Amino acid sequence: MPEQSVVIIGAGPAGLRAAQALVRGGVRPVLIDEAERPGGQIYRQPPAGAARAAEALYGFEAQKAIAVHAILGRTGDAIDYRPRTLVWNVFGDRLDTLGPDGQGSLAFDRLVIASGAMDRVLPFPGWTLPGVFTLGGAQIALKAQGVSIGRRVAFVGAGPLLPLVAYQYAKAGAEIAAVLDVTPLAAKVRHTGGMLAEPATLAKGLRYTLRNAVSGFIMRFGVRAIRAEGERRVTGLAWRDAAGRVHRVDCDAIGASFGLRSETQLADLAGCAFVFDALTHQWVPQRDGAGRSSVPGVYLAGDGAGIGGADVAELQGERAALALLQDIGRPAAAARIATLDRKLARQAPFRRALEAAYPYPGHLVDAIADDEIVCRCEGVTAATLRSTARGRDAHELNRLKAFTRIGMGRCQGRVCGHAAAEILARTVGKDVAAVGRLRGNPPIKPIPVANLSSGSLP
Ligand SMILES: Cc1cc2nc3c(=O)[nH]c(=O)nc-3n(C[C@H](O)[C@H](O)[C@H](O)COP(=O)(O)OP(=O)(O)OC[C@H]3O[C@@H](n4cnc5c(N)ncnc54)[C@H](O)[C@@H]3O)c2cc1C
């Protein structure tokens, strides 16, 4: 087979391990990432020159972070690494990019998409007030810039990021107003046995939670409804407990999100088939156990094709690279493939238990009031979605988008698409999987208009 041009999108744990395995197999991949430095979300690095100890930044994960960051240093010129470069479109076998040298177009024979995840956002009263961040956004401020989102911060959400970010903020010296989990404590207790499949990871989660508890923070589980208070910016957070009692704390910032959602737009533009993943309650691109997508030559690894966490992302990145090497007729160690497959299989029961410990907080969707803004880019309210769904027979999400402009703004539905689907499903009495998903459109993230004209738009 002639020399193949291999491109990896994403220099997180999945993309970096994929690149490393390809180099070992004799391939020099192009590795593209919009971030300034490698590491992805979990091992995000501060800007060059702002050196901070790995232990301070990554805690228990410091050694893993150091190992992942070292990949590029060790492989040197064997990887064509292109940081600060956004891939904003996939068109056939070409990528449209925007990087330090401006607009670019890059052809590929094989593509590995390792685009990671972002926070899952649900609207609640006050969610658009200045001072409200996602949990991941709050963590990025801390990791990348060494700043807190406020002096006295309240955290609310569902998922393992909640206790972790609260712990990291407390350790960095922030005052914690409250840590509110919208999922029940009973679910965590019930699924502890399943999470014992990965005892070290479970121990870390317990340690964050216990440290938060002994620090004396207000910690609540099973929170039913939340409201960010304030006129011009956040001044407090109110919540209702399971018994219906209302509580509030003063704070000047809130970190709030409700699990993670895969960044799937590039896989969508590449033409990959999607499946609804009931476990994480979202549509993800279909892949086989090795990482092959439904499109020949396109491979998927890491959180971008289903939330699995950083360790799984590393394993999947390497596994997808080995599948790619096999597909182009290069040697790929069978023993290593067997080891990776075994390790990946061992992670599955843990992931199932973890997701069950943080069940999808549908009660927050039920509570979204008619006057709530769902799509902040286009100013679309829940009432507009509901009345259009009923009045114009818009029972499918892209039809609802056409009528209401939901998901047509800067975020292209990455922030609002999930909530819109949930609201639509409830309005028309269907399962959320039955109302479809927003189709990906280029540019997947905002770029200057001047660059649009030189891209491969249909
Ligand atoms: C904000 C946030 C914070 C998190 N923090 C933690 C944590 O502290 N601990 C933990 O255990 N888990 C954390 N997670 C989950 C964790 O990030 C993942 O499990 C792990 O990082 C997944 O690795 P990955 O390689 O699949 O993706 P990521 O690490 O997310 O890497 C994806 C990379 O792709 C790049 N990328 C994406 N789209 C494009 C594009 N169009 N063009 C160019 N580059 C692109 C991104 O810049 C990123 O560097 C976090 C997740 C998020 C979203």
Side-chain angles (χ1 to χ4, degrees), residues 7-19 30-45 57-62 64-65 68 81-90 95-99 104 106 112-121 133-144 159-169 198 201 204-205 208 255 257 259-270 291 300-318 320 347 351 354 412 414 440 442-447:
V7 179
I8 303 168
I9 304 170
L16 283 164
R17 287 296 178 200
V30 177
L31 175 61
I32 304 179
D33 200 299
E34 62 179 321
E36 187 180 329
R37 302 182 71 192
Q41 296 294 6
I42 179 167
Y43 306 134
R44 178 178 291 277
Q45 301 190 64
L57 278 168
Y58 311 112
F60 301 125
E61 314 297 345
K64 287 184 191 169
V68 166
Y81 173 50
R82 303 186 190 179
R84 287 188 289 139
T85 303
L86 169 74
V87 179
W88 60 266
N89 189 18
V90 186
L95 305 177
D96 287 317
T97 62
L98 184 62
L106 183 65
V112 181
I113 303 177
S115 48
M118 65 174 277
D119 297 83
R120 181 155 61 191
V121 174
F133 294 71
T134 60
L135 288 170
Q139 196 195 48
I140 288 170
L142 199 60
K143 269 189 203 166
L161 218 47
L162 175 69
L164 170 62
V165 177
Y167 166 85
Q168 290 172 326
Y169 261 70
E198 287 295 322
T201 311
K204 274 183 280 184
Y208 299 137
S257 49
L260 296 175
R261 55 161 292 276
S262 299
E263 288 277 37
T264 58
Q265 310 91 309
L266 293 174
D268 202 2
L269 293 173
L300 305 161
D303 275 2
I307 306 302
D311 294 348
V312 169
E314 284 193 52
L315 297 170
Q316 286 182 344
E318 185 180 353
Q347 292 273 348
R351 287 309 307 181
L354 182 66
Q412 285 292 298
R414 292 164 66 236
I444 61 163
K445 290 185 184 173
I447 59 169

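Numbers for residues simply follow the sequence, beginning at 1. The structure presented is a predicted model; accordingly, all values stated were derived computationally and were not measured. Counting convention: from 1, in listed order, for ligands and their atoms alike.
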- prompt: Which protein heavy atom lies closest to atom 39 (C) of ligand 1, and at what distance to 0.1 Å?
  reply: Glu34 OE2, 3.8 Å
task: Specify the protein heavy atom at minimum distance from atom 2 (C) of ligand 1: its residue, its atom name, and the distance to 0.1 Å.
output: Gln41 CB, 3.8 Å
query: Hey, are the side chains of Asp303 and Val312 touching, using non-hydrogen atoms and a 4.5 Å cut-off?
result: no
message: Checking a contact table here: which protein heavy atom is nearest atom 42 (N) of ligand 1, and how many Å away?
response: Val87 N, 3.0 Å
- prompt: Which heavy atom of the protein is the closest neighbour of atom 26 (O) of ligand 1, given with residue, atom name and distance?
  reply: Asp303 N, 2.8 Å
query: Considering the options Leu106, Asp33, Thr97, which one meets the side chain to side chain contact (heavy atoms under 4.5 Å, CB included) requirement together with Arg82?
result: Leu106
- prompt: With no hydrogens and no angle check, is any side-chain donor or acceptor of Arg414 less than 3.5 Å from a backbone partner on Arg261?
  reply: no
- prompt: Would a distance-only check, ignoring hydrogens and angles, find a side-chain to backbone donor-acceptor pair under 3.5 Å from Thr85 to Ile32?
  reply: no
query: Considering distance alone, does some N or O of Leu260 sit under 3.5 Å from an N or O of ligand 1?
result: no
- request: Tell me, please: is Ile307 in heavy-atom contact with ligand 1, that is, under 4.0 Å?
  value: no
field: Polar atom proximity, Ala11 to ligand 1 (N or O, under 3.5 Å)
entry: no
field: Identity and distance of the protein heavy atom lying nearest atom 32 (C) of ligand 1
entry: Ala114 O, 3.4 Å
- prompt: Going through the checks in order, is the side chain to side chain contact (heavy atoms under 4.5 Å, CB included) test met by Gln139 and Gln41?
  reply: CA-CA 9 Å; Gln139 196 195 48; Gln41 296 294 6; 5.9 Å; no
- request: Please say whether Lys445 places an N or O atom under 3.5 Å from an N or O atom belonging to ligand 1.
  value: no
- request: Run through Lys143, Glu36, Arg37 and flag the one making a side chain to side chain contact (heavy atoms under 4.5 Å, CB included) with Arg44.
  value: Lys143
Side chain to side chain, Ile307 and Ser262, heavy atoms closer than 4.5 Å: yes
message: Tell me whether Met118 has any N or O atom under 3.5 angstrom from an N or O of ligand 1.
response: no
message: Just to be sure I read this right, does ligand 1 sit under 4.0 Å from the backbone of Leu164, its side chain, both, or neither, counting only heavy atoms?
response: side chain
query: When you measure from atom 25 (O) of ligand 1 to every protein heavy atom, which one gives the shortest distance, and what is it?
result: Ala14 N, 2.9 Å
Leu161 and ligand 1 - part of the residue with a heavy-atom distance under 4.0 Å: side chain
message: Between Pro442 and Asp96, is there a side-chain heavy-atom distance shorter than 4.5 Å?
response: no
message: Evaluate Asp33 for polar contact with ligand 1, using N/O atom pairs at a separation under 3.5 Å.
response: yes
message: Can you give me the closest heavy-atom contact between Gly255 and Leu135, atom names plus distance?
response: O-CD2, 3.6 Å
- request: Classify the contact between Leu266 and ligand 1 as side chain, backbone, both or neither, using a heavy-atom distance cut-off of under 4.0 Å.
  value: side chain
message: With a cutoff of 4.0 Å, is Gln139 in contact with ligand 1, counting heavy atoms of the residue only?
response: yes
- request: Please work out whether any backbone atom (N, CA, C, O) or any side-chain heavy atom from C-beta onward of Pro13 is under 4.0 Å from ligand 1, and answer side chain, backbone, both or neither.
  value: both
task: Dump the intermediate steps for side chain to side chain contact (heavy atoms under 4.5 Å, CB included) on Ile444 and Asp268, then the final yes or no.
output: CA-CA 11 Å; Ile444 61 163; Asp268 202 2; over 6 Å; no
query: What is the closest protein heavy atom to atom 53 (C) of ligand 1, and at what distance does it sit?
result: Ala117 O, 3.2 Å
query: How does Arg84 reach ligand 1, by side chain, by backbone, by both or by neither, if only non-hydrogen atoms under 4.0 Å count?
result: neither
message: Looking at ligand 1, would Gln265 count as a contact under a 4.0 Å heavy-atom criterion?
response: no
task: Looking only at distances, please establish whether an N/O atom of ligand 1 is found under 3.5 Å from an N/O atom of Gly39.
output: no
query: What residue and heavy atom of the protein are closest to atom 12 (N) of ligand 1, and at what distance?
result: Ile42 CD1, 3.8 Å
- prompt: For Gly136, does its backbone N or O pair with a side-chain atom of Asp119 as donor and acceptor, under 3.5 Å?
  reply: yes
message: Is it the case that the side chain of Thr264 and the backbone of Ala267 share a donor-acceptor pair, with hydrogens and angles ignored and the cut-off at 3.5 Å?
response: no
